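Everything quoted here is computed from the prediction, not taken from an experiment. Positions are given from 1, in the same order as the sequence printed here. All heavy atoms count here, side chains included; hydrogens, waters and symmetry mates do not.
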Amino acid sequence: MPHTVRRYDALAAAKSWSPSKKGDLGMQITEIFGENTLTFAGLKARLPKSVWAELKKTIVEGQALNSKVADVVAIAMKEWATEKGATHYTHWFQPLTGATAEKHDSFITPNQGGGVVSEFSGKELIQGESDASSFPSGGLRPTFEARGYTAWDPTSPVFLIENQNGKYLCIPTAFASWKGEALDHKTPLLRSNETLNKQARRALKLFGIETKRVTSTVGAEQEYFLIDQEFFYRRPDLMTAGRTLVGAKPPRGQELDDHYFGSIPDRVLTFMLDAEKELYKLGVPVKTRHNEVAPGQFEVAPMFENCNIAADHQQLVMIILKKVAKRYGFECLLHEKPFDGLNGSGKHLNWSISTKEGMNLLEPGESPHKNMIFLFFFSAVLRAVYKHQDLLRISIAHAANDHRLGANEAPPAIISAYIGEQLEDIIDQLLNGGLKSSIKSGLLGLGTPVLPNLPKHAGDRNRTSPFAFTGNKFEFRAVGSSQSISFPTVVLNTIVAEAIDEFCTTLEETVEEKGLEGALKDLLVESLKETRDIVFNGDGYSEDWVVEAERRGLLNLVTTADALPHLIKEKNINLFSKYRVLSEAEVHSRLEIWAEQYVTTLTIEVDTTEAMARTMVYPAAVRYITELTQAAKETKELGLDNSGSANMLKTMTEALNNLGKALEKLRNVQDSLENETILEKCTDYQQKVLPALTEVRDAVDFLERYTADDYWPLPIYREMLFVK
């Protein structure tokens with residue numbers, strides 16, 4: 001059967017798709033929200049008061065959990081899960097692959113009478129054991145040392161995953177080696193949040209505020225593409241690499257700006273409603289959905305949550321989107337740049353700091369005292385971003401994100417902070433002796449001549465800024481759509497904790513002499529003088545900004561290969577070690593793992609591109625050339641002008657030869673790479689392999705534009721993006 005028939009069959013199947021079962025998706029959100037999650041309120045209702053009091057100390061204050069309490073909690077969890085039909089449980093963890101992992105164990109245990117009993121103990125709740133040999137460790141342990149441990153995270157609620165045949169209980173856990181090194185994303189996240197809690201509470205004491213807990217709060221917007229499965233399974237590049245490695249730009253993409261916030265197609269909306277229903281049942285507070293800029297691109301956004309729970313929920317969002325999409329004949333693409341020439345997908349990480357009582361420390365208030373607190377924490381964040389631009393860039397560095405950054409509404413690789421014209425004006429005047437005027441109205445007075453007024457609204461949004469203040473939070477817009485939000489949050493928590501630590505030390509030394517207001521003003525002026533260069537409100541895409549950023553001494557780490565070596569700089573190792581977020585060995589392990597993942601990702605792309613070009617594109621072009629040759633010959637034999645077919649034949653023959661040369665060059669470059677350190681290999685892949693890969697793509701895309709449509713074997717952009 002010709003390739004053309006298969007491709008056209010896929011198009012016909014996509015156009016005629018309909019769900020096998022149509023059900024009523026109507027839902028009462030308040031009734032179903034959290035029904036598959038054992039919330040803290042639900043757990044409290046199932047526990048004796050004394051047990052809950054002890055568990056609450058663990059959840060809120062970080063105290064160690066004793067085994068007797070764990071036994072009672074385990075029984076309550078098992079009873080809740082089995083009442084809802086669960087038969088198994090798993091320690092649900094987040095290894096350094098960026099995905100989640102789980103091993104299921106049954107609740108039942110054989111007894112002496114030949115039957116079974118349902119059991120689940122505190123020991124089984126608190127700790128599990130898993131074979132860690134196949135998870136990335138970055139040299140933290142030899143391969144033969146396979147033992148790995150999962151440890152229950154009591155600060156994140158357990159939940160049920162269900163399908164049509166059953167349910168199982170998921171227990172969020174940390175994952176560590178036999179020697180205690182973190183092999184996951186959750187462990188450093190919990191450590192970093194504890195560090196931020198300690199330093200933020202210390203700062204609040206200086207302002208006369210006592211709180212039991214401070215945590216970073218996160219809301220991560222999720223962008224994604226949907227394409228019909230019929231197309232997905234006919235694109236080897238999408239199946240293996242997550243993005244189209246070849247594909248000519250269509251006549252129409254996103255130029256008309258008609259997709260953004262447009263009416264959601266009915267089939268897509270039905271998928272969204274079903275996905276949201278599952279997320280609501282899991283207690284994930286998704287709030288917003290809409291069409292994104294590119295055709296076939298969409299977004300879902302949740303409300304703010306404590307960073308640890310938000311990270312768990314963000315993993316669930318990705319899992320549910322991909323799972324539910326298949327029910328509706330879609331494939332959900334989470335890659336940062338699945339289609340060349342169109343907007344990529346990000347995961348805007350909205351980050352703030354809040355007390356247990358709900359006070360947002362990055363929100364200007366109605367009183368002088370609250371605004372002094374705001375200025376303290378706001379300036380600490382700017383200081384953190386300035387000192388650790390490299391770590392923020394590293395936290396979002398991977399091969400897929402390199403394709404996205406710097407174009408189509410994705411921020412550039414240069415880390416800067418957008419704060420709006422009003423706040424920038426106030427900072428400039430503060431540095432020049434005090435506020436004398438304001439460029440806009442609507443200011444909140446601090447009620448003291450020492451410190452300036454603050455604007456109610458910081459200003460317009462800047463979509464080219466990687467790190468933007470948006471009124472009561474910072475939006476880290478450079479995070480990639482496919483990645484875990486844990487490490488970017490780890491970095492933010494840790495670097496801001498360091499800045500708060502430094503601020504507190506200075507205030508504690510000067511407040512008695514100058515008073516709180518005077519000491520704070522001097523502290524802010526000194527810090528803002530040092531960090532002023534990180535503030536940029538202009539166009540992050542302009543060439544002038546690249547020049548200006550270099551003049552300011554800001555880093556321009558364009559690619560992952562440029563960024564990763566900075567991870568093991570002495571200042572970064574000292575930072576993570578000082579606050580016990582990552583040991584030196586754990587930092588080095590991350591470098592090894594992420595560099596290896598970068599090289600492996602590009603190797604897969606090279607092999608996939610080569611296979612597609614040789615086994616799909618090349619044969620299609622040869623068949624068309626054969627037809628052109630016959631047409632030119634027969635036209636000439638009839639005594640007619642064959643210049644048209646002859647010219648097309650020449651064009652196709654030259655294009656096919658160019659593809660052959662590009663493939664040969666790609667293979668030669670790949671084979672010429674010698675045994676090197678992993679960082680050297682990253683650089684070679686970025687500087688040598690990627691350009692050769694681009695040449696193959698250009699040659700294939702040229703052939704797509706000239707090969708007869710009924711010969712082309714691959715679903716094209718026009719079909720994948722617009723058939724819904």
Residue pairs passing the salt bridge (Lys or Arg N to Asp or Glu O under 4.0 Å) test where at least one lies in residues 685-702, sequence neighbours excluded | Lys665-Glu695, Asp684-Lys688, Arg697-Asp701
Do [X] and [Y] have side chains that get closer than 4.5 Å, going by heavy atoms?
X: Leu342; Y: Leu721; result: yes
X: Ser486; Y: Lys186; result: no
X: Leu226; Y: Val268; result: yes
X: Leu567; Y: Arg590; result: yes
X: Pro715; Y: Arg235; result: yes
X: Ile396; Y: Leu405; result: yes
X: Gln229; Y: Phe330; result: no
X: Pro488; Y: Trp351; result: no

Where is the tightest heavy-atom contact between [X] and [Y], given as atom of each residue plus distance?
X: Leu279; Y: Val317; result: CD2-CA, 3.9 Å
X: Ala662; Y: Val696; result: O-CG2, 3.5 Å
X: Leu392; Y: Val491; result: CD2-CG1, 3.9 Å
X: Pro411; Y: Tyr541; result: N-OH, 4.4 Å
X: Ile678; Y: Glu596; result: CD1-OE1, 3.3 Å
X: Pro338; Y: Gly242; result: CB-O, 4.0 Å

Set of residues satisfying salt bridge (charged side-chain N to carboxylate O under 4.0 Å, His left out) with respect to Glu610, sequence neighbours excluded |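 For Glu610 the salt bridge (charged side-chain N to carboxylate O under 4.0 Å, His left out) partners, ignoring immediate neighbours, are Arg614, Arg667.
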For Asp544, which residues count as a salt bridge (charged side-chain N to carboxylate O under 4.0 Å, His left out) partner, sequence neighbours excluded?
->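 Partners of Asp544 under the salt bridge (charged side-chain N to carboxylate O under 4.0 Å, His left out) test: none.
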Pair Ser645-Asn642, side-chain donor/acceptor within less than 3.5 Å = no
Quick one: do Arg267 and Asp228 satisfy salt bridge (charged side-chain N to carboxylate O under 4.0 Å, His left out)? Show the steps, please.
-> CA-CA 11 Å; Arg267 180 178 167 195; Asp228 197 282; 2.9 Å; yes
Test side-chain hydrogen bond (donor to acceptor under 3.5 Å, both in side chains) on Gln222 and Lys347 and set out the steps.
-> CA-CA 5 Å; Gln222 176 71 62; Lys347 185 177 291 178; 3.3 Å; yes
Just by distance, do the side chain of [X] and the backbone of [Y] share a donor-acceptor pair under 3.5 Å?
X: Asn647; Y: Ser643; value: yes
X: Thr187; Y: Leu183; value: no
X: Asn572; Y: Val587; value: no
X: Glu719; Y: Ile716; value: yes
X: Arg234; Y: Glu230; value: yes
X: Ser672; Y: Val669; value: yes
X: Asp607; Y: Ile604; value: no
X: Glu181; Y: Glu586; value: no
X: Asp184; Y: Phe175; value: yes
X: Gln315; Y: Asp312; value: no

Residue pair Glu475, His348: steps toward the side-chain hydrogen bond (donor to acceptor under 3.5 Å, both in side chains) verdict = CA-CA 6 Å; Glu475 183 182 15; His348 304 165; 3.2 Å; yes
Taking atom [atom1] of [X] and atom [atom2] of [Y], what is their separation to the nearest 0.5 Å?
X: Ser481; Y: Arg404; atom1: OG; atom2: CZ; value: 7.0 Å
X: Leu714; Y: Leu238; atom1: CG; atom2: CG; value: 9.5 Å
X: Trp594; Y: Ser589; atom1: CH2; atom2: OG; value: 8.0 Å

With sequence neighbours excluded, what pairs up with Ala241 under the side-chain contact (heavy atoms from CB on, under 4.5 Å) test?
-> Leu245, Glu605
Who are the side-chain contact (heavy atoms from CB on, under 4.5 Å) partners of Lys322, not counting sequence neighbours?
->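 Partners of Lys322 by the side-chain contact (heavy atoms from CB on, under 4.5 Å) criterion, ordered by chain and then number, come out as Glu331, Cys332, Leu334.
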I would like to know whether Lys249 and Asp340 meet salt bridge (charged side-chain N to carboxylate O under 4.0 Å, His left out); could you show each step before the answer?
-> CA-CA 7 Å; Lys249 190 177 185 296; Asp340 190 45; over 6 Å; no
For residues 653-664, which residue pairs qualify under side-chain hydrogen bond (donor to acceptor under 3.5 Å, both in side chains), counting only residues two or more places apart or in two chains?
->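 Listed by first then second residue: nothing to list.
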Given Glu336 and Ser482, is the side-chain hydrogen bond (donor to acceptor under 3.5 Å, both in side chains) satisfied, shown in steps?
-> CA-CA 7 Å; Glu336 281 70 13; Ser482 68; 2.8 Å; yes
According to ring-ring contact (aromatic ring centres under 6.0 Å, His included), who are the partners of [X], at least two apart in sequence or on a separate chain?
X: Tyr717; value: Phe339
X: Tyr706; value: Phe702
X: Trp92; value: Phe159

Counting only heavy atoms not in Glu550, do more than 12 fall under 6.0 Å of its CD?
->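 Incorrect, the count does not exceed 12.
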Thr560: what forms a side chain to side chain donor-acceptor pair (under 3.5 Å) with it, not counting sequence neighbours?
-> Asp402
The side chain to side chain donor-acceptor pair (under 3.5 Å) partners of His388 (sequence neighbours excluded) come to Glu498, Lys571
Could you walk me through whether Glu221 and Asn350 pass the side chain to side chain contact (heavy atoms under 4.5 Å, CB included) test, one step at a time?
-> CA-CA 8 Å; Glu221 304 164 27; Asn350 295 282; 3.0 Å; yes
Applying ring-ring contact (aromatic ring centres under 6.0 Å, His included), which residue pairs with at least one partner in residues 605-625 are found, sequence neighbours left out?
->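 Applying ring-ring contact (aromatic ring centres under 6.0 Å, His included) to every pair that reaches into residues 605-625, excluding sequence neighbours, yields Tyr624-Tyr711.
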Name the orientation class of the two ring planes belonging to Tyr224 and Phe271 (parallel below 30°, tilted from 30 to 60°, perpendicular beyond 60°).
-> perpendicular
Given Gln297 and Asn291, is the side-chain hydrogen bond (donor to acceptor under 3.5 Å, both in side chains) satisfied, shown in steps?
-> CA-CA 6 Å; Gln297 187 184 33; Asn291 289 2; over 6 Å; no
